[in-house]
Amino acid sequence: MPVPVPRQRNAPVAETTPGGATGSDLTLLVIEDDPAGTLSVPELLDASGTRVRIRTARNLTEAERLLTDDVHCVLVDLALPGRIQGEELGALKHVLRLAPRHAVLALTASGDTELAAEAVRVGAQDHLVREELDARLLSRAVRYAVERKRADAAQVKLAESRLRAQENARLERGLLPTPLLEGSDLRFAARYRPGRSRALLGGDFYDTVRTPDGTVHAMIGDVCGHGPDEAALGVELRIAWRALTFAGLCGDELLSTLQRVLEHERESDEIFATLCTVDIAPDGRRAGLCLAGHPAPLIARHGRAAQLLPYEDGGPALGLLPRARWPRRQVELGGVWSLMMYTDGLIEGRQGPDTRQRLGQEGMLAMVNRQLAAGLEGESLLEAAVGEVREMNGGDLTDDVAVLLLSRHAKRG
């Protein structure tokens, strides 16, 4: 009956921090055909105080039984009997497959220098010469091999982590929108700051496109929550909005269709999304506004203080009511203006690090008017707004923040 192979833990002792349950002690599994010859003692103690306990196995089958989680290092004799011609490293390769997370040492004869070098090349941490082996050399080699294996494993994990981070960053950058405003005289600016640590994308989403009739369509939305699932749903809604807009939908018809998309794609019936859409006429002086549970945009007209667009006729957030309606309200923009659309992450930060009071829309209006009075506009205005909100909050905001700015300036000549 075959001996069962013990299952290794996800994080074996060879990868853990010294000084844990086993202290600084190490366990060495020796695989050689005559254990009573070279290594006949049960343990070694070197000058540093490290105790190396020794287990012995006469062959690979016995080694599989003895290779338990408390083994730190394996010393395999390359001269094990039963080798196939031309497969001098067969035993070592078997051990490396059997114990991929353990340190491994190769034991060779004094004349096998090329074989020893090849053993290190295929994966052993080091090699030892049988004729030169003593307790001090063996203890030091085991300690160094364990540390080298731990460092190699840490380096692999770091490289994998960096690769995943780079891939995620490329993916998330690709999912951020590129405004399509060719042919429009409107200026566009946006700022995006996800609430998740080290993320590029959160549950907030926005987009801006110009359709062939000259109308500029802009939207901004917020999926409740700010994890990766919410971010994915936000991207789906944004892409759906763009496709539906180019297909000629707007207002209630567009939002009703987006609600059906959300209902099909969300993981739970409790997930909803707020949305604000603005359709700016080709002459840039009028717009249609729809609100689905979302804060109203802010407009700053030339020579006048910023104010909120009307928000009394808004509808519920997407996903809350199955047969909801979203009225589309016409608003006058004027000749020269800046329209700022934002998610609630911008207004839900605190007014100061020592207070629980939220900034709110009135606080945001006051802040933006100060910045407009200082001559800020476009990218500089958004950068200052997001920076000041973060500063007032006393640190990073916990919710995602997205801000979009469309501006129309006086035509020259």
Side-chain angles (χ1 to χ4, degrees), residues 169 172-181 184-209 216 218-222 226 231 234-235 238 274 276 278 280 294-309 333 336-353 358-410:
E172 290 182 317
R173 287 192 197 99
L175 293 176
L176 287 172
T178 300
L180 300 178
L181 290 173
S184 172
D185 60 355
L186 300 185
R187 299 183 184 180
F188 171 88
R191 280 291 179 274
Y192 195 102
R193 180 169 294 178
R196 287 185 296 143
S197 175
R198 297 183 298 276
L200 292 178
L201 205 61
D204 292 0
F205 54 99
Y206 66 88
D207 204 353
T208 305
V209 299
V216 171
M219 73 86 168
I220 194 164
D222 181 3
H226 46 267
V235 171
R238 178 184 66 77
T274 66
C276 169
V278 174
I280 302 171
H294 199 89
L298 174 154
I299 186 166
R301 297 181 177 90
H302 181 63
R304 297 163 59 182
Q307 63 184 56
L308 298 175
L309 287 179
L333 301 178
V336 178
W337 47 264
S338 291
L339 183 69
M340 191 174 87
M341 305 166 68
Y342 53 91
T343 56
D344 58 10
L346 187 69
I347 58 177
E348 290 186 349
R350 293 174 295 175
Q351 288 190 1
R358 301 296 182 181
L359 177 65
Q361 289 178 299
E362 294 302 323
M364 179 195 64
L365 277 173
M367 176 190 70
V368 170
N369 278 318
R370 289 195 304 270
Q371 294 163 349
L372 289 171
L376 298 180
E377 60 182 20
E379 297 280 356
S380 299
L381 175 62
L382 297 190
E383 188 71 27
V386 175
E388 186 171 340
V389 167
R390 182 182 179 279
E391 183 178 346
M392 286 190 292
N393 190 60
D396 288 335
L397 300 163
T398 57
D399 198 4
D400 306 327
V401 176
V403 191
L404 183 155
L405 187 70
L406 288 169
S407 301
R408 185 171 188 265
H409 294 255

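What you see below is based on every heavy atom in this structure, not just the backbone, and it leaves out hydrogens, waters and symmetry mates.
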With a 4.5 Å cut-off on side-chain heavy atoms, are [Y] and [X] touching?
{"X": "Leu382", "Y": "Tyr192", "value": "no"}
{"X": "Gln361", "Y": "Pro295", "value": "yes"}
{"X": "Pro177", "Y": "Arg238", "value": "yes"}
{"X": "Thr343", "Y": "Asp399", "value": "no"}
{"X": "Val389", "Y": "Val386", "value": "no"}
{"X": "Leu359", "Y": "Met392", "value": "yes"}
{"X": "Arg358", "Y": "Ile347", "value": "no"}

When you look at CD of Glu391, are more than 12 heavy atoms from neighbouring residues, nucleotides or ligands closer to it than 6.0 Å? no

Quick one: closest heavy-atom pair of [X] and [Y], and the distance?
{"X": "Pro297", "Y": "Val278", "answer": "CG-CG2, 4.4 Å"}
{"X": "Leu405", "Y": "Ser338", "answer": "CD1-CB, 4.2 Å"}
{"X": "Ala384", "Y": "Leu376", "answer": "CB-CD1, 3.6 Å"}
{"X": "Leu372", "Y": "Ala306", "answer": "CD1-CB, 4.2 Å"}
{"X": "Leu406", "Y": "Ala218", "answer": "CD1-CB, 3.7 Å"}

Against Leu298, only a single residue in Met364, Met341, Gln307 fulfils side chain to side chain contact (heavy atoms under 4.5 Å, CB included); can you say which? Met364

How far apart are the C-alpha atoms of Tyr342 and Val368, what are their side-chain angles, what is the distance that settles it, and do they pass the side chain to side chain contact (heavy atoms under 4.5 Å, CB included) test? CA-CA 12 Å; Tyr342 53 91; Val368 170; over 6 Å; no

What residues form a side chain to side chain donor-acceptor pair (under 3.5 Å) with Thr274, not counting sequence neighbours? His294

Kindly compute the distance separating [atom1] ([X]) from [atom2] ([Y]), expressed to the nearest 0.5 Å.
{"X": "Tyr206", "Y": "Arg191", "atom1": "OH", "atom2": "CZ", "value": "9.0 Å"}
{"X": "Gln371", "Y": "Glu388", "atom1": "CD", "atom2": "CD", "value": "5.0 Å"}
{"X": "Asp207", "Y": "Ile220", "atom1": "CG", "atom2": "CD1", "value": "11.0 Å"}
{"X": "Met219", "Y": "Thr208", "atom1": "CE", "atom2": "OG1", "value": "8.5 Å"}
{"X": "Asp204", "Y": "Asp222", "atom1": "CG", "atom2": "CG", "value": "4.0 Å"}
{"X": "Arg390", "Y": "Leu346", "atom1": "CZ", "atom2": "CG", "value": "14.0 Å"}

Step by step, work out the side chain to side chain contact (heavy atoms under 4.5 Å, CB included) result for Leu404 and Phe188. CA-CA 8 Å; Leu404 183 155; Phe188 171 88; 3.8 Å; yes

Chi angles and distances behind the side chain to side chain contact (heavy atoms under 4.5 Å, CB included) call for Val403, Val401: CA-CA 7 Å; Val403 191; Val401 176; 4.0 Å; yes

